[in-house]
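Okay, so here's the structure we're looking at.
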Amino acid sequence: MSGRLKYANKVILAPMVRIGTLPMRRLALRYGADIVYCEELIDHKVVQCKRIVNPILDTVDFVLPDGMCVFRTCEEERERLVFQMGTADPQRALKTAKLVEGDVAGIDVNMGCPKEFSLKGGMGAALLTQPEKVREILTTLVEGVSKPVTCKIRILPTLEETLELVSVIETTGVAAIGIHGRTMKERSTTPCHYDIIREISRKASVPIIANGGSGDVATYEDVARFKSRAECSSVMLARCAQWNPSIFRKEGPLPLDEVIKDYVRLAVDCDNNTSNTKYCVAQMLQSAMEGAPGKALLAAANMREICEVWGLVPYLDSVLEKRERLAESLPLQLQK
Ligand code: FNR
């Protein structure tokens, strides 16, 4: 695939803090997701990062001055990855987008996060009631970035208010709009307002990406049902993909044990950190955390101990050995 990313008729991995790191995104793509979003990354943080090519992992890393890797990506996802940022400032948003634009397929702005941290900073759902700021941020990005720009909103208390916001967004030149069918006050247990998404989809001039249906999605057929209920162009899945990323398989979901093994192998490949790997596996295990694998996962202090739980130590060793050989073969200036 090459060319500009298109958002029509896609099944998409939603942005999820801590979940949407590189191994999960690669896994979702391998299972059949068309597009994957990274977790929301805050512009303030990203602009401090340096872009570093990592020849050992074959990744591109965005690293803070203290050495912490904030965002890691690789060739496999380059043409299908959307970078989501949290921002309240057009120029900082642009600076952030320019830093990553060569390594991603699209840029998205989070306009739905209801968490205090976002609202206090004027980000996320705080933008829903500031159409002028929305216009400024999106126009600046659309004009300044070579990749398609989108945003992800929540619905407002009435259809009319939501339509008004959507019409402002449409005028900025965005390539699509993600809509989570709940208001910022509604929790994930509130049923998704498919009717509102449907009304917006019927009127919108750009593809609408419906989101909020995880409670009704357990199989690939449910994904199609979700799409037809919302009459939308594309669908975006968050929690159901977090619980079992093989939801993206047209052939049907795989048993969790198999999915977790696939995930842990990718976490090893990406040199994903232990705490993030544990967190993602724990979300997949859910109630089974009470069982022996869950207890062993909780106790695991490093990747080797996680691999022990799923019989993947030989895999880890083979990857580490290959990595060591590669490191030795690199020119001295590239060796750490
Ligand atoms: C989220 N959500 C979210 N949204 C967003 O725009 N950026 C983000 O970084 C996050 N982070 C995040 C983390 C976790 C663990 C969850 C469960 C959710 C919201 C998410 O993308 C989605 O809008 C909602 O979960 C509703 O969709 P589902 O879960 O019904 O498919």
Side-chain angles (χ1 to χ4, degrees), residues 10-22 24-25 28 33 35-43 45-46 70-71 81-88 93 96 106-119 121 123-128 134 137 149-155 169 174 176-194 196-197 208-220 222-223 225-227 229-230 232 234-245 247-248 253 275-276 278-286:
K10 301 287 192 285
V11 182
I12 300 171
L13 174 70
M16 281 182 280
V17 167
R18 295 193 74 187
I19 298 290
T21 49
L22 183 56
M24 183 62 83
R25 300 195 305 262
I35 296 175
V36 291
Y37 279 51
C38 73
E39 59 178 336
E40 177 197 45
L41 294 164
I42 305 299
D43 59 358
K45 210 177 212 182
V46 179
V70 167
F71 174 52
L81 168 64
V82 174
F83 178 91
Q84 189 193 58
M85 72 172 89
T87 188
T96 302
I107 301 288
D108 184 77
V109 178
N110 184 348
M111 299 187 177
C113 182
K115 300 240 164 79
E116 201 185 329
F117 169 80
S118 290
L119 299 181
M123 299 180 286
L127 292 167
L128 295 173
V134 166
I137 292 173
V149 173
T150 55
C151 63
K152 176 168 172 280
I153 64 169
R154 280 177 177 249
I155 58 170
I169 294 170
V174 291
I177 304 172
I179 302 182
H180 178 182
R182 293 186 182 87
T183 66
M184 64 173 279
K185 294 245 158 67
E186 290 175 333
R187 299 281 74 105
S188 54
T189 43
T190 309
C192 177
H193 298 277
Y194 297 103
I196 305 266
I197 304 179
I208 294 296
I209 305 166
N211 169 245
S214 271
D216 301 315
V217 174
T219 65
Y220 201 80
D222 295 334
V223 177
R225 254 192 297 278
F226 172 23
K227 189 171 176 213
R229 281 178 86 179
C232 55
S234 292
V235 292
M236 173 184 266
L237 309 176
R239 286 164 300 149
C240 62
Q242 157 189 271
W243 298 322
N244 186 343
I247 186 70
F248 291 105
S275 75
N276 185 255
K278 279 175 75 165
Y279 180 77
C280 292
V281 175
Q283 303 312 306
M284 292 185 230
L285 277 174
Q286 292 182 77

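For the single chain, residues carry numbers from 1 onward in sequence order. For ligands, and for the atoms within them, numbers begin at 1 and follow the listed sequence.
- In terms of protein heavy-atom proximity, atom 23 (O) of ligand 1 is nearest to N211 OD1, 2.5 Å.
- Note that the NZ atom of K152 and the CG atom of N211 stand 5.0 Å from one another [nearest 0.5 Å].
- If you check which protein heavy atom lies closest to atom 4 (N) of ligand 1, you get K152 NZ, 3.1 Å.
- Other residues, nucleotides and ligands contribute over 12 non-hydrogen atoms within 6.0 Å of the NZ atom of K10.
- A238 CB, 3.6 Å is the protein heavy atom nearest to atom 20 (C) of ligand 1.
- With a 4.0 Å heavy-atom cut-off, ligand 1 is reached by the side chain of N110 but not by its N, CA, C or O.
- No side-chain heavy atom of I179 sits under 4.5 Å from any side-chain heavy atom of I209.
- Between the side chains of T96 and D43, no donor-acceptor pair is found at a separation under 3.5 Å.
- For Q84, every heavy-atom contact with ligand 1 shorter than 4.0 Å involves the side chain, none the backbone.
- Atom 18 (C) of ligand 1 has M16 CG, 3.9 Å as its closest protein atom, hydrogens excluded (heavy atom only).
- With a heavy-atom cut-off of 4.0 Å, P15 touches ligand 1 through backbone and side chain alike.
- A donor-acceptor pair is defined here as one N or O able to donate and one able to accept, closer than 3.5 Å; such a pair exists between the side chain of R25 and the backbone of G20.
- Counting atoms of ligand 1 from 1 in the listed order, those under 4.0 Å from a heavy atom of G213 are 30 (O).
- Partner D216 forms a salt bridge (Lys or Arg N to Asp or Glu O under 4.0 Å) with one of R225, R239, R229 and no other, that one being R229.
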Criterion ring pair (Phe, Tyr, Trp, His ring centres under 6.0 Å) on F83 and Y37, from CA distance to verdict: CA-CA 6 Å; F83 178 91; Y37 279 51; over 10 Å; no
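- Between Y279 and ligand 1, no N or O atom pair is found at a separation short of 3.5 Å.
- If you look at R239 next to ligand 1, the close heavy atoms, those under 4.0 Å, come from the backbone and the side chain alike.
- Under the 4.0 angstrom criterion for non-hydrogen atoms, G212 is in contact with ligand 1.
- Note that CZ of F226 is 10.0 Å distant from CE of M236, once rounded to the nearest 0.5 Å.
- Contacts between H180 and ligand 1 below 4.0 angstrom, taking non-hydrogen atoms only, involve the side chain exclusively.
- Atom CG of L13 is separated from atom CD of Q242 by 10.0 Å, given to the nearest 0.5 angstrom.
- For a threshold of 3.5 Å applied to N or O pairs, the pair formed by L237 and ligand 1 contains no separation below that value.
- When all heavy atoms are compared, the tightest approach of M16 to L237 is CE-O, 4.5 Å.
- Just one of E186, H180, R182 meets the side chain to side chain donor-acceptor pair (under 3.5 Å) condition when paired with H193; it is E186.
- Contact annotation: for Q242 versus ligand 1, heavy atoms closer than 4.0 Å belong to the side chain alone.
- Inclusion of A14 in the set of residues having an N or O under 3.5 Å from an N or O of ligand 1 is not warranted.
- For S188, the heavy-atom gap to ligand 1 stays at 4.0 angstrom or more.
- The protein heavy atom nearest to atom 28 (P) of ligand 1 is S214 OG, 3.3 Å.
- Here the heavy atom of the protein found nearest to atom 13 (C) of ligand 1 is V17 N, 3.3 Å.
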